[in-house]
Amino acid sequence: MMTSTPSVSPERANSPHDGTDRAAIDFRDLEEIGPPVSIKSWQSSGGGFLHPTVQIVPVDFVKRLGTGRPGWFVESLHAPIGRRIELQFQGPVHLLAMYNEGARRDGETSIDGFAPSKVRNFAKKLTFVPAGCGYRERLETAASTRLTFLYLDPTVLRNDAETDYAARVHFEDSIVWETAAKLKSAIENGQAKRTLYLSALSSVLAVELSRCDDNAARDTTLNRGGLAGWQKRAVLGYIEEHLGEQVCLSTLAQLARQSHHHFCRAFKQSFGVPPHQYHVQRRIEQAKLLLADRSISITDIGFTLGYSQTSSFSVAFRKNTGWTPSEYRRWA
């Protein structure tokens, strides 16, 4: 069982020796935005903290990168298949978890005061933890699992009604997902300097999260016409296995047993972007993980992900992240 990290102390965070990742972020040190950096590296550098990030047990095989500025912080987490991990969080900021992909063989997700969720396939689902609430998650990964954690200060995530936000576990909402994805991208690619833009996106997200009563009906409408669960698994599985190759739309449509036209429309309805853009985004996410390993050259990473030239890889990476591979690696 993990213990909670103190939530508002200006002390230094000591390196853990019990297998628990107690990394924490000091928003006071984030005035100048940089590419995502290793949470473990940030922690070992001895930075102070105002609030904790998600605690993870064990941490040896989990890769996590984060970046942000005062009020906003985003973290990307990747855990391979066949691993047991536990996550826990409680702090003075709101936490929005985006399950980009993943499934579990066993485990549950809970927020204080709510019945636990034992959903096995949580790809494209969301979990919202209001400031002060306790969040716990146990899982044995049945597939490669990628999560995004958005940490948002209550001063930036405000709704006009000034009502308390309700905690929600493993819900689906295409509009919330799209807005959160835009906010994540803005923080990661350097637009975090544009405070007005981040504030505007946060205001939209606040409105969407506060409209709990309308979510069920809205989700049903938004998900109509999208891909079924088995179609998502088949298509995403194929894309993951062929990240370094050109993926043919006809092949994906055949896997989903749909015509080319209907597949493209259903895919975008389910994931918010066309198949090709999703494929590129996954390549870039994989590139981020590979760049953290300095034993692999940038040229080899580009070749591994299907880019015939280092220059084309650099252009694609910078277009999606706002940083060149070399700049990103210096920070990772």
Audit row: Tyr151, Phe89, ring pair (Phe, Tyr, Trp, His ring centres under 6.0 Å) steps and yes/no: CA-CA 11 Å; Tyr151 304 90; Phe89 178 79; 5.7 Å; yes
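- Salt-bridge annotation for Glu285 and Lys288: present, with a side-chain N of the basic residue lying under 4.0 Å from a carboxylate O of the acidic one.
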Verdict with supporting geometry, Thr53 and Arg64, side chain to side chain contact (heavy atoms under 4.5 Å, CB included): CA-CA 11 Å; Thr53 54; Arg64 50 194 312 199; 3.6 Å; yes
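- At least one donor-acceptor pair under 3.5 Å links the side chain of Arg104 to the backbone N or O of Val119.
- Annotation for Tyr307 and Ser312: closest pair CB-OG, 3.8 Å, computed over non-hydrogen atoms.
- Cluster membership check: Leu236 shares its hydrophobic cluster with Leu249, using side-chain heavy-atom separations under 4.5 Å among Ile, Leu, Val, Met, Phe, Trp and Tyr.
- Although no hydrogens or angles enter the test, the distance criterion places a donor-acceptor pair under 3.5 Å between the side chain of Arg294 and the main chain of Arg329.
- Linking Ile, Leu, Val, Met, Phe, Trp and Tyr whenever their side-chain heavy atoms come within less than 4.5 Å puts Phe61 and Ile56 in one cluster.
- Between Gly102 and Asn121 the shortest heavy-atom distance is O-OD1, 3.3 Å.
- A donor-acceptor pair is defined here as one N or O able to donate and one able to accept, closer than 3.5 Å; no such pair exists between the side chain of His279 and the backbone of Pro275.
- The shortest heavy-atom contact between Pro130 and Tyr165 is CG-O, 3.6 Å.
- Side-chain N/O atoms of Glu208 and Thr179 include no donor and acceptor closer than 3.5 Å.
- A distance of 6.0 Å separates CG of Asp106 from CZ of Arg120, quoted to the nearest 0.5 Å.
- Using modelled atom types, one finds a donor on one side chain and an acceptor on the other under 3.5 Å when comparing Thr299 with Thr310.
- In this structure, the side chains of Ser76 and Lys184 come closer than 4.5 Å at one or more pairs of heavy atoms.
- We find that Arg136 and Asp112 are joined by a salt bridge, their nearest charged nitrogen and carboxylate oxygen being less than 4.0 Å apart.
- The six-membered or imidazole ring of Phe271 lies near that of Phe267, with a centre-to-centre distance under 6.0 Å.
- Side-chain contact check for Leu77 versus Thr148: every heavy-atom pair is 4.5 Å or farther apart.
- Side-chain polar atoms of Tyr135 and Gln90 form no donor-acceptor pair below 3.5 angstrom.
- Of the possible polar contacts, one joining the His94 side chain to the Ala131 backbone as a donor-acceptor pair under 3.5 Å is found.
- Contact check on Lys124 versus Glu101 returns no salt bridge, with no Lys/Arg side-chain nitrogen under 4.0 Å from an Asp/Glu carboxylate oxygen.
- Ser270 places a side-chain N or O within 3.5 Å of a backbone atom of Leu227 that can act as its donor or acceptor partner.
- A donor-acceptor distance shorter than 3.5 angstrom exists from the side chain of Arg283 to the backbone of Leu243, with no hydrogens or angles considered.
- Between Phe263 and His260 the shortest side-chain heavy-atom distance does not fall below 4.5 Å.
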Derivation and outcome, side chain to side chain contact (heavy atoms under 4.5 Å, CB included), residues Phe128 and Leu95: CA-CA 6 Å; Phe128 180 67; Leu95 172 68; over 6 Å; no
Chi angles and distances behind the side chain to side chain donor-acceptor pair (under 3.5 Å) call for Thr127, Tyr99: CA-CA 8 Å; Thr127 290; Tyr99 300 80; 3.3 Å; yes
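- In terms of heavy-atom proximity, Trp72 sits nearest to Ser202 at NE1-OG, 2.7 Å.
- Here the side chain of Thr141 pairs a donor or acceptor atom with the backbone of Pro80 at under 3.5 angstrom.
- Taking CG from Leu209 and CD1 from Ile175, the interatomic distance works out to 11.5 Å, rounded to the nearest 0.5 Å.
- A side-chain donor from one of Ser144 and His78 sits under 3.5 Å from a side-chain acceptor of the other.
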Side chain to side chain contact (heavy atoms under 4.5 Å, CB included) between Thr67 and Glu188, worked out: CA-CA 7 Å; Thr67 191; Glu188 287 187 339; 4.3 Å; yes
Pair Leu252-Ile239, side chain to side chain contact (heavy atoms under 4.5 Å, CB included): steps then yes or no: CA-CA 9 Å; Leu252 297 180; Ile239 291 176; 4.1 Å; yes
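- In this structure, the side chains of Phe73 and Val93 stay at 4.5 Å or more apart for every pair of heavy atoms.
- Under 4.0 Å is where a charged nitrogen must lie from a carboxylate oxygen, and between Glu240 and Arg282 at least one such pair does.
- One N or O on the side chain of Asn320 and one on the backbone of Ala316 form a donor-acceptor pair closer than 3.5 Å.
- Side-chain atoms of Glu327 come within 3.5 Å of backbone N or O of Thr324 as a donor-acceptor pair.
- Across all non-hydrogen atoms, the minimal contact from Val169 to Ser117 is CG1-CB, 3.5 Å.
- Ion pairing between Glu140 and Arg105 holds under the 4.0 Å rule for side-chain N and carboxylate O.
- Within 6.0 Å of NE2 on His242 lie more than 12 heavy atoms contributed by other residues, nucleotides or ligands.
- Val204 and Leu152 are assigned to two separate hydrophobic clusters, defined by single-linkage of ILVMFWY side chains at heavy-atom distances under 4.5 Å.
- Hydrophobic clustering of Ile, Leu, Val, Met, Phe, Trp and Tyr side chains at less than 4.5 Å, counting indirect connections, unites Phe114 with Leu139.
- A donor-acceptor pair under 3.5 Å is formed between the side chain of Gln231 and the backbone N or O of Ala228.
- Tracing side-chain contacts under 4.5 Å through hydrophobic residues (I, L, V, M, F, W, Y), one reaches Ile296 starting from Leu291; they form part of the same cluster.
- Between Ile298 and Ser326 the shortest heavy-atom distance is CD1-OG, 3.4 Å.
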